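Here the structure is laid out as structure tokens; the discussion comes afterwards.
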Amino acid sequence: MAPRGRRAGVELARAKTSVDVASVRSSAASSAPESSSNNVVVEGPKAQYKTVRTLHRSRLHTISLAQDRNTKSPVVLKTFFKARLSSSARAKLDSEVTHLRSLCGVPGVVKYVAHFEDEDSYHIVLERCPGTTLIELVANSGGRLAEQSLVCDVLIPLTVLLADLHRRGVVHRHIKPEHVLVAPDTGVVTLLDFSEAADRRARCLNNRAGTLEYMAPEVLDKPTADEVFHQVLYNGMSEEELPQYDEKADVWSLGVLVYEALTGCQPFLADSAADMMGVQRQQLHELDGSGTPKLFAGRHLSGEARAFLEQALQLDPINRPSAERLLQHPLLQRHWQRYHTKQVALLGSSAAPSDASQPTSSTNSPAPGSAYGSGPGGLAPKHPGGSSSTGSSSAPLPLPRTEADIVQSAVAAGWMASSSDVGLVGGGGSNRRSAGGSVAPAAPERVLAAPIQFAVR
Ligand SMILES: Nc1ncnc2c1ncn2[C@@H]1O[C@H](COP(=O)(O)OP(=O)(O)OP(=O)(O)O)[C@@H](O)[C@H]1O
């Protein structure tokens, strides 16, 4: 089946299926329906929020723009109707709150404000994020995005964010254009909807989750959450016995999102998980008359964009690069300097003049690569202009050339957690204080150890 235009109205029909079996069990087992048995507790009254308008509505919930009457801040209220929530939907809601709370403050993750319940509903209050959804941005740009805009405004920040989440053990499992808010003017990208997010360290990823069109092949062939629940509860299977998948599932979804934004078409469309697996294979492996995979036939993509998609859309997750590795891809590298320059300009313009003695994170952080030359790892090369650990607002930030440079740069600018923050770094992982008094994050060892595969431009 050839890629078709985006299926209209598909959103409302999409069913979410996944759930953490352990939490379903605890929700189902509980006879107390209210706050005492679950994560959702009363933290604030609904009256504190004045609804401004409805943004999105489904059978289970409403999403509204609101205002906090005390602080006057704009917020977004997610209201779930108790009467319509199954125990698994309720467990998913609890899980969303748990993830939002634990990721609060992570750049690029929608900010949790509060959650509470009243007689009829559960409410999650989120900070209102700037920008429009990627799907709106594409629609407002004539149906597709130019490669440069996509890479600078969406792909680089989103890949940095995914790499960060994955290093924390979190798999989002619901990456799609509706869940990415983009504000090109401020350079901010925000990831929404953590209802399917899962912590790999805390649970097995063994159930089908997300939206069909963006699901990786290794997710499509998994049982639904209810089927897993049944196997575990009634057939006495342990969750570890069931086949699992990992964070590479998000990388597939990222590939689908990129294809859609660049071409204006969804690459894979089918009505069931089984059909979808066939469609994915067909599109990727069947060739047209000129030897081009059907997926790319008639598509005007640059060589780098096509190569990126070929990597991100590898059917076997073992052959699919991690998000961290994708930061090294020539497509991102080609636009990295422009992205970096824009970020630095935005940081500079947002710094108050009275703060001149308090440089922004980008100016008092070591330039990419500089910490490695003198640090314990010392594996990455020094770059011209990147040798001072105190940095300088006028010194040009060099083009990151290695995976480690990119991660270091992202960590230094505060866009990404250092390995030590997420407990991955072993010996030599302590932070070093730079001459300027800022804390220079240690080189992430796991990243430094990874071989570099992509050609550097
Ligand atoms: N914090 C926010 N700031 C601004 N807009 C938001 C925010 N949260 C949600 N939205 C808007 O509401 C829409 C729906 O939000 P979200 O996808 O999180 O809801 P959902 O519960 O997952 O809905 P669905 O189940 O249909 O995917 C988003 O596409 C976005 O337009």
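Read the numbers this way: they start at 1 and go in the same order the structure lists the ligands and their atoms. These figures come from a predicted structure and were not determined experimentally.
The atoms of ligand 1 that sit less than 4.0 Å from any heavy atom of Val76 are 1 (N), 2 (C), 3 (N), 4 (C), 7 (C), 8 (N). Close approach of ligand 1 to Val110 is summarised as follows: ligand atoms under 4.0 Å from at least one heavy atom of the residue are 1 (N). When each atom of ligand 1 is checked for a heavy atom of Thr133 under 4.0 Å away, the hits are 29 (O), 30 (C), 31 (O).
Asp316 has no carboxylate O lying under 4.0 Å from a charged side-chain N of Arg320, or vice versa, which leaves the two without a salt bridge. Ion pairing between a basic and an acidic side chain is recognised when a charged N comes within 4.0 Å of a carboxylate O; Lys78 and Glu96 show such pairing. Between Asp68 and Lys50, no side-chain nitrogen of the basic residue sits less than 4.0 Å from a carboxylate oxygen of the acidic one, so the salt-bridge criterion is not met. Of the charged side-chain nitrogens involved, at least one lies within less than 4.0 Å of a carboxylate oxygen, so that Arg334 and Glu147 count as a salt-bridged pair. Salt bridge status for Arg203 with Asp199: absent, with no side-chain N to carboxylate O gap under 4.0 Å.
With a 4.0 Å cut-off on non-hydrogen atoms, His174 does not touch ligand 1 at all. By the criterion of a heavy-atom distance under 4.0 Å, the side chain of Leu181, and not its backbone, is placed next to ligand 1.
Among Glu196, Arg57, His179, Glu136, the residue whose heavy atom lies closest to atom 17 (O) of ligand 1 is His179. For the residues Leu126, Thr190, Ile63, Thr54, the heavy atom positioned nearest atom 14 (C) of ligand 1 is part of Ile63. Taking each of Arg59, His56, Lys78 in turn, the one with a heavy atom nearest to atom 13 (C) of ligand 1 proves to be His56. Considering each of Pro177, Pro130, Cys129, the one bringing a non-hydrogen atom nearest atom 3 (N) of ligand 1 is Cys129.
For ligand 1, the polar-atom distance check finds no N/O of Arg128 at less than 3.5 Å from any of the ligand's N/O atoms. In terms of N/O distances under 3.5 Å, ligand 1 is not approached by Leu55.
Aromatic rings from His61 and Phe81 are positioned such that their centres are separated by 6.0 Å or more.
Note that Lys222 lies outside the cation-pi zone of Tyr245, set by a 6.0 Å cut-off to the ring centre and a 45° limit from the axis.
Using a 4.0 Å heavy-atom cutoff, Glu127 is listed among the residues neighbouring ligand 1.
Side-chain atoms of Lys176 and Thr211 form a donor-acceptor pair, as typed in the model, at a separation below 3.5 Å.
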